[in-house]
Number of protein chains: 2
Amino acid sequence: MATPRTDPLTVEVVELIGTVVARYYAEYEQAAAKHSLTGAQARVLSLLTLEPTPMRRIAQKLKCEPSNVTGIIDRLEARGLVERRPDPNDRRVKLAAPTEDGRVTARRLRESLDFAREPLAELSDEERTVLRDLLKRMLGKEAPVAAR
Amino acid sequence: MATPRTDPLTVEVVELIGTVVARYYAEYEQAAAKHSLTGAQARVLSLLTLEPTPMRRIAQKLKCEPSNVTGIIDRLEARGLVERRPDPNDRRVKLAAPTEDGRVTARRLRESLDFAREPLAELSDEERTVLRDLLKRMLGKEAPVAAR
DNA sequence: TATTGTTATACTCTATAACTATA
DNA sequence: TATAGTTATAGAGTATAACAATA
């Protein structure tokens, strides 16, 4: 417990996480490219399938400046994957929403990503449960210490 | 076992991994920015501290085209963090190597990243061991199934 | 001929600042 | 006056294609 920083075990785990991050990231970009999308475009399109979203909100999700979102949505809109709608409650706001075409692309993208999830196939259900709880704890989601 | 794809547990773990990836990536960029480096520059500089590296090899490590490396090294060189050296064995090759300044910056960057490792402090030694072995299995490194 | 690194070009993402239309 | 979205601008990373030097 205490303050683990540079002990060999921690260093090893950190390196493994780094490897997972690099692989996951690369495969995400690759899956996006397969659908002629950039990583940012793919992330936004996926986000929009949850619900029509104000430009400002998209920027917050992407952790970038709102001005960047204009261009990303422009390009998705030019390809007919997304459309801008007025917000009935506030005429300053524009809601970005996927078109039918956009939904299809987003679904295919999601399926491509299943392929990126292959590594989990190596683990049994029990192991996945343990992994889930450890990751939750790491992320401060306070999963119970004992298996549930 | 079999072919786990869309069962709730797998989906949950995939989402958690996605969260870890996003957080790790964001904190890496942030740590790099703290030293006025972009993510790509930080990755290259870190790489070079292992050994002087041909431009071509850097491109392979970064999974990008060699032409891009020229610019990244240009900018690191302009800041005095990296230098280009001839390769004694092949006069076509240029080896990129960190300057003393570059080594100092790389070390500080590494220390900043320790901060990004904080989440692991939530776990005990035993839990870190379990996590290590699960990650290894995921990455196809074939760690023993039983704890070692 | 093949390979290494570079240059030139074009596109995307990024932050900053200034602008507009609403609120 | 404050906020949402946009435009304008500049810097960085990216891929492609063409090039010079060397193998």
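Chain naming here is simple, since letters A, B, ... match the order of the sequence lines and numbering starts at 1 in each. Predicted model, so just to flag it, every value in this text is computed and none were measured.
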For [X], enumerate each residue passing the side chain to side chain contact (heavy atoms under 4.5 Å, CB included) test, keeping only those at least two apart in sequence or located in another chain.
X      : result
A:T53  : A:L48, A:E51, A:R57, A:I58
A:R103 : A:T49, A:P98, A:E100
A:V93  : A:P54, A:D87, A:D90, A:L95
A:R56  : A:P66

- Just grab all the salt bridge (charged side-chain N to carboxylate O under 4.0 Å, His left out) pairs involving residues 71-84 of chain A, residues at least two apart or on different chains.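 Output for this query lists A:D74-A:R84, A:E77-A:R84, A:E83-A:R85.
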- Query: Near DNA chain D, which residues from residues 86-98 of chain B have a heavy atom under 4.0 Å away?
  - Reply: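 Those residues are B:D90, B:R91, B:R92.
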Write down the distance between [atom1] ([X]) and [atom2] ([N]), rounded to a whole number of angstrom.
X     : N      : atom1 : atom2 : answer
A:R85 : D:dG5  : CZ    : C1'   : 18 Å
B:I58 : C:dT4  : CD1   : P     : 13 Å
B:Y25 : C:dT14 : OH    : C1'   : 13 Å
A:M55 : C:dT20 : CE    : P     : 19 Å
A:D74 : C:dT12 : CG    : P     : 11 Å
A:I73 : D:dA4  : CD1   : P     : 16 Å

- Query: For B:V104, which fellow cluster members are found when Ile, Leu, Val, Met, Phe, Trp and Tyr are connected by side-chain heavy-atom distances below 4.5 angstrom, either directly or through intermediates?
  - Reply: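 Noted: B:V104 shares its cluster with no other residue.
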- Check: B:L62 and B:N68 side chains under 4.5 Å, non-hydrogen atoms: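 A side-chain contact is absent here, since even the closest heavy-atom pair is not under 4.5 Å.
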- For A:R84, which contact category applies under a 4.0 Å heavy-atom criterion: base, sugar-phosphate, or nothing?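 The residue A:R84 makes sugar-phosphate contact but no base contact.
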- Item | Pairs touching residues 35-46 of chain B that satisfy side-chain hydrogen bond (donor to acceptor under 3.5 Å, both in side chains), sequence neighbours left out |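 Sorted pair list: B:H35-B:S112.
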- Query: In the 5'-to-3' direction, what one-character label does each nucleotide of nucleotides 9-16 of chain D receive under the scheme B = base within less than 4.0 Å of a protein heavy atom, S = sugar-phosphate only, - = no such atom?
  - Reply: ---SSBBB
